[in-house]
There are 2 protein chains.
Amino acid sequence: MLRLTKKADYGLMALKYLAEHPDSVSVSAKDIADTYGIPAQLLAKVLQRLTKVGLLRSHAGMNGGYELSREARTISAFEVIHAIDGPLFITSCTKGSKSCDLEPNCTIKEPLARVNDSIAGVLKSISIHDMADYELPSGRGAEPHPLVSLTRT
Amino acid sequence: MLRLTKKADYGLMALKYLAEHPDSVSVSAKDIADTYGIPAQLLAKVLQRLTKVGLLRSHAGMNGGYELSREARTISAFEVIHAIDGPLFITSCTKGSKSCDLEPNCTIKEPLARVNDSIAGVLKSISIHDMADYELPSGRGAEPHPLVSLTRT
DNA sequence: TTGAACTGCGACAAAATCAGTCCTATACTG
DNA sequence: CAGTATAGGACTGATTTTGTCGCAGTTCAA
């Protein structure tokens, strides 16, 4: 449980790909989809959403495609996930709205809101660059990720 | 996104309830279900699973019901969620198994495994007692939760 | 100026997961 | 034995996720 949707996965993979190919001016959804073997049309939609939110810039037409609108280092995993999967709520009942119709008190959501924030914090602390940099076999860039090095049992 | 299932919510609520009623020797699923207005049979199943896993002790028959098998302080939210919703994987493709059929490399899961661990850590750091203690209107027990006080923006 | 290669959307279909119900069996109490 | 519980399997309906189709608009280049 507690999974990201595949769309979010796809989105992260695509952004990572873009971060790893800064040379290419713009990459088409199909290129990325083919690279990873994921449904092109679905990925296209994901990228469209990311564009709409401003994380990507697109341009149509031949040799069109997408490019990061900001540096990979400044784009957090949280932003991507939020754009694709919507707001992050660990509990089934969200706090503000009327959604929690459980009788007197859905006594669980208050404490879990903290957990929620913690998770969001972790996600915010990871940038696309961090993810891309991660497994570059080459030398430099192997610096650890201080923000993520929590609680490894 | 990134939601717990309702079953997990129900389970947490029920454990919290049990933690708040240590006086009662054992509480029936129906009692709890009625208190929170959740489907009794569904909650029953959740409690059965928690019993199977050893977090609860049950006893059938009149005035039967459930009780915590350990102190609330020693039961983590993680255990409950894991028992009900299964293992915690943030990525759609889990690392060890053959599940990631995305062509060459599902390049995303490695970095996200860290995030996964962080989240698990947060969940492990919260006990049922923490959750129960949380909103007791009475005086004592208002001590903060150092383990959870991460990254509140 | 035509066509190929793109993005941008909306609607829809298929599949998977979740939530909830029903029914039966079993255990314990009095 | 009657009544109240847990235990658990089977099944249905709702919801969400995943993926497809079709069409319109854009850009480029021959």
Side-chain angles (χ1 to χ4, degrees), chain A residues 1-11 13-14 18 24-34 36-67 69 81 84-87 89 91-93 99 101-102, chain B residues 1-11 13-14 18 24-34 36-67 69 81 84-87 89 91-93 99 101-102:
Chain A
M1 236 300 97
L2 214 70
R3 286 213 182 85
L4 257 40
T5 62
K6 281 195 176 175
K7 285 186 190 175
D9 277 6
Y10 295 162
M13 291 168 71
L18 290 172
S24 338
V25 181
S26 105
V27 183
S28 75
K30 188 171 184 309
D31 287 344
I32 302 177
D34 288 351
Y36 294 116
I38 62 186
Q41 307 213 58
L42 188 51
L43 178 62
K45 287 202 172 171
V46 170
L47 297 183
Q48 282 163 28
R49 167 157 249 114
L50 293 176
T51 302
K52 209 169 183 179
V53 173
L55 293 176
L56 296 178
R57 261 193 306 262
S58 68
H59 81 279
M62 273 198 70
N63 302 319
Y66 300 89
E67 60 179 323
S69 72
I81 293 169
I84 299 172
D85 280 350
F89 284 122
T91 42
S92 298
C93 45
S99 47
D101 31 339
L102 299 182
Chain B
M1 237 299 97
L2 213 69
R3 287 215 180 84
L4 259 39
T5 61
K6 281 195 176 176
K7 286 184 188 176
D9 277 5
Y10 294 162
M13 290 167 73
L18 290 172
S24 338
V25 182
S26 106
V27 183
S28 74
K30 188 170 183 310
D31 287 344
I32 302 176
D34 287 352
Y36 294 116
I38 62 186
Q41 307 214 57
L42 188 52
L43 178 63
K45 290 204 169 169
V46 170
L47 297 182
Q48 283 163 27
R49 166 157 251 113
L50 292 176
T51 302
K52 209 169 184 180
V53 174
L55 293 176
L56 295 178
R57 261 193 307 262
S58 68
H59 83 278
M62 274 198 67
N63 301 320
Y66 300 88
E67 60 180 323
S69 72
I81 293 169
I84 299 171
D85 279 351
F89 284 123
T91 43
S92 300
C93 45
S99 48
D101 31 339
L102 298 183

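Note that the structure is predicted; figures quoted are calculated from it, not measured. All values below were derived from every heavy atom in this structure, side-chain atoms included, with hydrogens, water molecules and symmetry-related copies excluded. Chain identifiers are assigned alphabetically (A, B, ...) following the order of the sequence lines, protein sequences preceding nucleic acid strands; residue numbering begins at 1 within each chain.
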Among [options], the one nearest [X] by side-chain distance:
X       : options                : value
B/Pro39 : C/dA27, C/dG20, D/dG19 : C/dG20
B/Ser58 : D/dT6, C/dT21, C/dT7   : D/dT6
A/Gln41 : C/dA19, C/dA11, D/dC21 : D/dC21
A/Lys6  : D/dG19, C/dC6, D/dA5   : D/dG19

Inset, instruction - For A/Lys7, report the nucleic acid contact type (base, sugar-phosphate, nothing); a contact means any heavy atom under 4.0 Å. - result: base
Inset, instruction - Would you mind classifying the nucleic acid contact of B/Ala29 as base, sugar-phosphate or nothing, using non-hydrogen atoms under 4.0 angstrom? - result: sugar-phosphate
Send over the distance from [X] [atom1] to [N] [atom2], rounded to a whole Å.
X       : N      : atom1 : atom2 : answer
A/Arg3  : C/dA16 : CZ    : P     : 14 Å
B/Leu50 : D/dG8  : CG    : P     : 13 Å
A/Arg57 : D/dT27 : CZ    : C1'   : 17 Å
B/Gln48 : C/dA27 : CD    : C1'   : 13 Å
B/Lys52 : D/dA7  : NZ    : P     : 10 Å
B/Tyr66 : D/dA7  : OH    : C1'   : 8 Å
B/Leu43 : C/dC18 : CG    : P     : 18 Å
A/Leu4  : C/dA16 : CG    : C1'   : 17 Å

Inset, instruction - Please determine if a side-chain N or O atom of B/Thr5 lies less than 4.0 Å away from the OP1 or OP2 oxygen of C/dT17. - result: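 For C/dT17, OP1/OP2 do not have a side-chain N/O of B/Thr5 under 4.0 Å.
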Legend entry - Exercise: identify the closest heavy-atom pair between B/Leu47 and B/Ala14: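 Smallest heavy-atom distance, with atoms named: CD2-CB, 3.7 Å.
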Legend entry - Side-chain donor/acceptor of B/Lys45 to base of C/dT21, under 3.5 Å: yes
Inset, instruction - Could you check B/Met62 against A/Ala40 and say which one's nearest nucleotide on DNA chain D is further toward the 5' end? - result: B/Met62
Inset, instruction - Check for a donor-acceptor pair, side chain of B/Ser26 on one end and backbone N or O of B/Gly64 on the other, with a separation under 3.5 Å. - result: yes
Inset, instruction - Please check if the side chain of B/Asp85 supplies one atom and the backbone of B/Thr5 the other of a donor-acceptor pair under 3.5 Å. - result: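 Between the backbone of B/Thr5 and the side chain of B/Asp85 there is a qualifying donor-acceptor contact (under 3.5 Å).
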Legend entry - Student check: side-chain heavy atoms of B/Leu4 and B/Ile84 closer than 4.5 Å: no
Inset, instruction - Start with the C-alpha distance between B/Val25 and B/Asn63, add both sets of side-chain angles, then the distance that settles side chain to side chain contact (heavy atoms under 4.5 Å, CB included), and finish with yes or no. - result: CA-CA 9 Å; B/Val25 182; B/Asn63 301 320; over 6 Å; no
